Amino acid sequence: MAKQKPIAILFTLLVSVLSLACTDSGDDFNHAGLYGSWEMIHFHEDHELDLVHSLVLNQDGSYQRSITYRDPESGDLVGYSHFQVGSFALEGEMIAFEAEKDLYIGNEAEWGNMDDLIEMEINSGGQPVSSSLEYRENGSKLTIITECNDVMSAMCAPDPVYSRVTT
């Protein structure tokens, strides 16, 4: 019986430590590395241009998203396909985006100047859009994970993985 008591204490201690290690409320998620500019760049073979998805998160809770085309050699902006501004709220590992202005290029072109973009009606029933955040590669990559739902879209897209541009 004397041998069982240390084993029972060790087992209880191990279960307690593992339980504490596995509970994470997300409150300690480091938001300091979140602010700044993030991009996803894909080469668009049909146009021989870079298709750039940009996300800028500001410490005042505002954001800017855009989809642009850039010259892959010079990095010069060719034109916009989408531009959105709004606000976001953070709670642990969760971020909620609420668009205030949403602009798209019409069906006549792939891209245009900012003046060519058309303001789209914002679906207030689908806002705010909540997602979870995940840092990868020591904070140099940011994944925004949004679950599929009927309000946003009938089809689901892969979770975007952005690369840090600036802080």
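This chain uses plain numbering: 1 for the first residue, then up along the sequence. Worth saying up front: this structure is predicted, and the values here are computed from it rather than measured.
- Under 3.5 Å, the side chains of Gln84 and Tyr63 contain a donor-acceptor pair of N or O atoms.
- You'll find the side chain of Met120 stays beyond 4.5 Å of the side chain of Leu103, heavy atoms only.
- No single ILVMFWY cluster, assembled from side-chain heavy atoms under 4.5 Å apart, contains both Leu49 and Leu77.
- Leu55 CG to Ile67 CD1: the interatomic distance, rounded to the nearest 0.5 Å, is 11.5 Å.
- For Arg136 and Tyr162, the positive end is not near the middle of the six-membered ring at less than 6.0 Å and at most 45° from its axis.
- Although no hydrogens or angles enter the test, the distance criterion places no donor-acceptor pair under 3.5 Å between the side chain of Ser66 and the main chain of Thr68.
- Note that the CG atom of Asp116 and the CD atom of Glu108 stand 12.0 Å from one another [nearest 0.5 Å].
- Within the 4.5 Å cutoff, side-chain heavy atoms of Leu142 are placed close to those of Leu133.
- Separation of atoms CG (Asp71) and CG (Asp50) is listed at 8.0 Å; rounding is to 0.5 Å.
- Taking the six-membered ring for Trp and thresholds of 30 and 60 degrees, His53 and His42 have ring planes more than 60 degrees apart, a perpendicular arrangement.
- Distance check: Tyr35 OH to Thr166 OG1 gives 14.5 Å after rounding to the nearest 0.5 Å.
- When only modelled atom types and interatomic distance are considered, Ser62 and Asp60 share a side-chain donor-acceptor pair under 3.5 Å.
- Nearest heavy atoms, Gly75 versus Arg70: O-CD, 3.3 Å.
- In this structure, His31 and Gly92 approach most closely via the heavy-atom pair NE2-O, 2.7 Å.
- Within 6.0 Å of atom CD in Glu73, 12 or fewer heavy atoms from other residues, nucleotides or ligands are found, so the atom counts as exposed in its surroundings.
- Ile105 approaches Leu117 most closely through the heavy-atom pair N-CD2, 3.5 Å.
- Aromatic ring centroids of His47 and Tyr69 lie under 6.0 Å apart.
- Summarising the geometry, atom OG belonging to Ser140 is positioned 11.5 Å from atom OH belonging to Tyr135; distances are rounded to the nearest 0.5 Å.
- Shown here for Gly139 and Trp38, the closest heavy-atom pair between the two residues is O-CH2, 3.5 Å.
- The two residues Val56 and Ser37 have their closest heavy-atom pair at CG2-OG, 3.7 Å.
- Tyr104 places no side-chain N or O within 3.5 Å of a backbone atom of Phe83 that could act as its donor or acceptor partner.
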